[in-house]
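Below you'll find the structure, written out as structure tokens, and then a few comments.
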Number of protein chains: 2
Amino acid sequence: MNQTTNKRIQQKQQTALLILDAAKKLFAEQGFENTTTRSIATEAGVGIGTVFAHYPDKITLLGQALRGEIGQVVENSLKILGQHQEFTEQLVHLSVGLMAYYIKNQSLARELIKYATFQKGPEAAAFNEQMTNFALVASGIIEQAVKKGVLDSQVQVSTMTKNYMAIHFFVVGQCLRLDAPQLEEQTTQLREMVQALFTGYCLRGKSLP
Amino acid sequence: MNQTTNKRIQQKQQTALLILDAAKKLFAEQGFENTTTRSIATEAGVGIGTVFAHYPDKITLLGQALRGEIGQVVENSLKILGQHQEFTEQLVHLSVGLMAYYIKNQSLARELIKYATFQKGPEAAAFNEQMTNFALVASGIIEQAVKKGVLDSQVQVSTMTKNYMAIHFFVVGQCLRLDAPQLEEQTTQLREMVQALFTGYCLRGKSLP
DNA sequence: TTGTTTCATTGAGCACGCTCAGTGAGTATA
DNA sequence: TATACTCACTGAGCGTGCTCAATGAAACAA
């Protein structure tokens with residue numbers, strides 16, 4: 001029963017992959033807007049109807065194409081978080097990974113985030129869940145700093161986390177919007193803003209470089 | 001020469017107004033996506049081609065429809081800025097006007113800002129110029145606070161301004177994204193974030209309420 | 001095997017935003 | 001007045017993203 005039924009399911013899964021691979025290739029080669037769903041279907045060797053039988057719309061295809069990579073980028077950032085001692089540098093590092101990815105894939109990332117930020121739907125929900133996790137990590141870093149006595153204990157961790165996320169989105173927005181953003185410049189700006197946010201609450205006499 | 005030429009020019013200007021008025025009406029009644037350019041043409045009593053002879057694309061029509069109102073809102077906010085003594089309250093007040101407008105016109109404003117934030121073109125440029133002016137006002141408020149000795153003179157005004165703008169965009173983003181945002185809640189969050197940003201640098205013993 | 005049901009696949013077709021060659025009234029020139 | 005030119009206006013038509021009734025192969029039932 002299972003073995004026989006599998007034939008259809010396997011076929012379906014493979015078709016879905018074929019379409020996704022074609023989409024990835026064409027998006028990378030021609031950009032999002034310049035790639036037509038018809039050309040994706042042709043590249044994948046299926047009819048247009050099949051494309052939309054597997055993915056509800058074009059933006060979902062882009063989301064599926066980028067989601068894995070973005071998750072990977074965040075994961076990598078998390079792995080080497082511990083290398084930094086200053087919690088502000090940990091926060092900076094957390095954002096820089098994504099910033100670098102967004103700069104490298106500016107036009108595709110811009111399209112996805114434009115959608116995810118302002119629209120509703122499963123694709124936006126999935127993306128925003130990733131961002132919620134991201135905020136949780138930031139919150140943990142700030143909480144640790146308070147517990148270690150590096151930060152004044154009267155700060156509201158939740159409010160500071162929101163402030164950090166605001167900075168993150170602000171700088172990420174610039175990475176997506178500017179004409180030829182330089183990672184170094186944007187990182188410097190990010191660092192300045194994060195330090196400005198926290199320096200007033202730092203207890204030990206750590207000075208800015 | 002002028003008088004006779006005016007006939008054409010006047011006719012053209014009136015046609016443009018007719019189209020813009022029709023667009024305003026239909027956008028308000030049916031939303032941006034649900035309003036077709038054809039229906040705007042019909043409502044205005046002109047052909048579709050005429051619509052695009054006057055406005056390069058649909059989003060420009062929305063921009064023209066909202067730009068005036070948004071400018072008005074900012075102007076009104078500026079007029080009563082002086083009523084607040086605490087500079088943090090001045091900053092909060094600066095944002096609240098726009099937030100209220102965005103909540104009231106959520107779906108249309110979202111569409112315009114989605115475009116202006118991530119796309120290029122004259123419409124986006126015009127909107128971003130408004131935002132640059134907005135940032136200049138904020139910068140002035142912060143600079144004043146430093147000069148008055150309310151803020152530690154070692155703060156970088158430019159960096160703090162960026163931090164404030166980050167908060168502004170963050171909260172405005174929520175006003176545009178959430179399902180039924182409450183102005184009071186969003187204002188409270190904005191105030192918390194602004195106070196958290198500056199409290200560490202405040203010289204006088206002004207306490208939070 | 002034969003009949004029945006499920007469901008992945010298909011492409012003609014729809015509605016949309018936007019284009020562009022053609023039209024004719026308005027304007028300047030003789 | 002007669003003629004040439006300008007330019008606001010027009011809608012048929014194009015290329016999109018996406019839909020949906022129809023098709024037929026795979027899966028199950030007899």
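- Residue A/Thr37 places no side-chain N or O under 4.0 Å from the OP1 or OP2 atom of D/dT16.
- Under 3.5 Å, the side chain of A/Arg38 and the base of D/dG15 form no donor-acceptor pair of N or O atoms.
- Put simply, A/Lys7 has no side-chain N or O that comes within less than 4.0 Å of OP1 or OP2 on D/dA26.
- C/dC16 atom P lies 18 Å from atom CG of A/Asp57, rounded to whole Å.
- Here the P atom of nucleotide C/dA8 and the OH atom of A/Tyr55 are 14 Å apart, to the nearest Å.
- Side-chain atoms of B/Arg8 stay outside donor-acceptor range of the base of C/dT27, with no qualifying N/O pair under 3.5 Å.
- Remark: C1' of C/dT9 and CD1 of A/Ile19 are 10 Å apart, rounded to the nearest angstrom.
- The side chain of B/Ala53 lies closest to D/dT10 when the candidates are D/dT10, D/dA12, C/dA12.
- Ring-centre distance between B/Tyr164 and B/Phe198: not below the 6.0 Å cut-off.
- Per the geometry, NZ belonging to B/Lys12 stands 15 Å off C1' belonging to C/dT27, to the nearest Å.
- Atom CD1 of A/Ile40 and atom P of D/dC18 are 10 Å apart (whole Å).
- Distance alone, capped at 3.5 Å, is enough to place a donor-acceptor pair between the A/Tyr115 side chain and the A/Lys120 backbone.
- Contact annotation: B/Thr36 does not reach the phosphate of C/dA15 (side-chain N/O to OP1 or OP2, under 4.0 Å).
- At a threshold of 4.0 angstrom between heavy atoms, the contacts of A/Ser39 with the nucleic acid are absent.
- Nearest-nucleotide positions on DNA chain D for B/His54 and A/Pro56 put B/His54 closer to the 5' end.
- At whole-Å resolution of the value, CD1 in A/Ile9 and P in C/dA8 are 9 Å apart.
- For the OP1/OP2 pair of D/dT10 and a distance below 4.0 Å, the side-chain nitrogens and oxygens of B/Thr50 include at least one atom meeting the criterion.
- Straight-line distance from the NZ atom of B/Lys58 to the C1' atom of D/dT16: 14 Å, rounded to whole Å.
- When the options A/Lys25, A/His54, A/Gln64 are evaluated for a side-chain contact (heavy atoms from CB on, under 4.5 Å) with A/Leu20, the one that passes is A/Gln64.
- Nucleic acid contact class of A/Gly49 (heavy atoms, under 4.0 Å, all strands): base.
- With hydrogens and angles disregarded, a donor-acceptor distance shorter than 3.5 Å links the side chain of A/Arg110 to the backbone of A/Leu176.
- Under 4.0 Å is where a charged nitrogen must lie from a carboxylate oxygen, and between A/Glu192 and B/Lys162 no such pair does.
- Within 4.0 Å (heavy atoms only), A/Val51 reaches no atom of the nucleic acid at all.
- Atom P of nucleotide D/dC9 and atom CZ of B/Phe52 are separated by 15 Å, given to the nearest angstrom.
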